[in-house]
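Input: a single structure, listed below in structure tokens.
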Amino acid sequence: VLAYWEKSPNLYRRKQSTQKDSPVLAALHSAFNLGTAPDAIIESLIKGLVSCPAISSDELDINSFLHEVHDSLGDSAKYRQDIRVMRTQNPNDQTSSGCVTEEHFFDDGTVFIDEDAFIEKCKHAFKNGYSIALRGMEFRSEKVAAVASALADLFGQPSVGANIYFSPARSQGLARHYDDHCVLVWQLLGSKKWMIWPNQKPFLPRLYEPFDPLDGTLYENSGRVEVLLEGDMMYIPRGYVHEARTDVGESEMNAYAEYSLHLTLAIEVEPPFE
């Protein structure tokens, strides 16, 4: 932590040779039904999905928050608040300024009343190159909650957020971007190719501040390339521009062309807790 925290990305290769050697990884596999086909994985992720009101990490009065959201607890999932279904097309044509944006399958604010129809639409979107992203996994899964809680204790933070991303083969979900918080990316299924650019700004971004547009200094050959295999984890500091795809080229292992599922753990550094 002292060597890399907010200084440089770092890849931690999985040491165990099989899934059974890692009880935490095995627990997450069973929680999300990862040993099955993509349609079954989508069902395990979305079945029973309810709204999860966003809570700021610097919320000081939890009772006030609970009173505020009391009437909305248990509501149907809402687009962007709970789930995103998006893709970034033609990334090879992307300019050095990184101006390509995501294309979303649903409209902002859509509420998914009919769960079965919602799941079928997500399956259709996945088959057409869209990634499925769920936020608030620390509230939706006991297994993820245990990991997030342990990380929060380790870093002395009040909480650690967790999102999960399920991407089809030969696709890119999120467009090139940077975050205002540090992240740990944990590859749970399949493989994913990441490109990360060095931070060239004198100051790291602060939480909730407006994002600066990506400048023209992000040349393709200036980025660091890492391929995460199942069980690998990578640390990305806040402010470091990055993007990820599920295809890594014909010269790589065939397994890399399969779909991918990874968990992102967000460590937010708030002024009161620095």
Side-chain angles (χ1 to χ4, degrees), residues 1 5-6 24 27-28 31-32 44-86 102 104 106-115 118 122 132-166 173-174 177-186 203-212 235-239 262-274:
V1 172
W5 183 253
E6 297 191 336
V24 178
L28 290 173
F32 299 119
S44 71
L45 291 172
I46 299 177
K47 198 75 173 176
L49 189 70
V50 296
S51 179
C52 181
I55 179 171
S56 173
S57 63
D58 60 351
E59 175 65 64
L60 299 180
D61 189 347
I62 191 65
N63 290 321
S64 174
F65 170 78
L66 291 174
H67 178 75
E68 180 181 336
V69 302
H70 180 269
D71 293 335
S72 64
L73 295 178
D75 284 356
S76 299
K78 186 176 181 180
Y79 193 71
R80 279 203 186 262
Q81 176 175 281
D82 304 292
I83 186 171
R84 288 172 295 165
V85 183
M86 69 285 171
E102 298 101 16
H104 287 260
F106 298 100
D107 295 329
D108 284 3
T110 301
V111 178
F112 306 104
I113 305 296
D114 187 335
E115 183 181 77
F118 173 37
C122 287
I132 298 172
L134 291 179
R135 64 162 295 275
M137 292 305 300
E138 72 274 25
F139 302 117
R140 306 181 189 280
S141 164
E142 286 186 279
K143 306 298 184 185
V144 174
V147 175
S149 179
L151 270 180
D153 291 342
L154 176 66
F155 286 96
Q157 297 297 305
S159 64
V160 165
N163 294 347
I164 206 162
Y165 297 86
F166 190 37
L174 295 175
H177 68 284
Y178 68 89
D179 296 305
D180 60 2
H181 51 268
C182 292
V183 296
L184 287 170
V185 178
W186 194 2
F203 299 103
L204 296 174
R206 299 302 299 270
L207 200 60
Y208 308 136
E209 286 186 348
F211 284 80
D212 295 327
Y235 165 66
I236 304 177
R238 54 178 170 152
H262 75 263
L263 182 70
T264 296
L265 298 151
I267 304 164
E268 298 183 344
V269 180
E270 278 289 339
F273 304 107
E274 284 184 334

* Between S51 and S72, is any pair of side-chain heavy atoms under 4.5 Å apart? -> no

* Answer whether the closest heavy-atom distance between the side chains of Y165 and N163 falls below 4.5 Å. =>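 Yes, side chains in contact.
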
* **Heavy atoms from other residues, nucleotides or ligands near CG of D153 exceed 12 (cutoff 6.0 Å)** =>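 Yes - once you tally the heavy atoms of other residues, nucleotides and ligands closer than 6.0 Å, there are more than 12.
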
* Asked: Above 12 or not: heavy atoms from other molecules or residues under 6.0 Å from CZ of F203?
  -> no

How close do [X] and [Y] get, counting heavy atoms only, and between which atoms?
{"X": "L174", "Y": "M86", "value": "CD2-CE, 3.5 Å"}
{"X": "D212", "Y": "Y178", "value": "N-OH, 2.7 Å"}
{"X": "V160", "Y": "A266", "value": "CG1-O, 3.4 Å"}
{"X": "E6", "Y": "C182", "value": "CG-SG, 3.7 Å"}
{"X": "E115", "Y": "I46", "value": "OE2-O, 3.9 Å"}
{"X": "A145", "Y": "E138", "value": "CB-O, 3.3 Å"}

* is_close_aromatic(F112, F106), centroid dist under 6.0 Å ->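 Close enough - the centres of the two rings lie under 6.0 Å apart.
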
* Asked: Are H104 and Y79 close enough that their ring centers fall under 6.0 Å?
  -> yes

* Asked: What distance separates I267 CD1 from L151 CG, expressed to the nearest 0.5 Å?
  ->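 Rounded to the nearest 0.5 Å, the CD1-CG separation comes out at 5.5 Å.
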
* Might you work through the side-chain contact (heavy atoms from CB on, under 4.5 Å) test for L263 and F32, ending with a clear yes or no? => CA-CA 11 Å; L263 182 70; F32 299 119; 5.8 Å; no

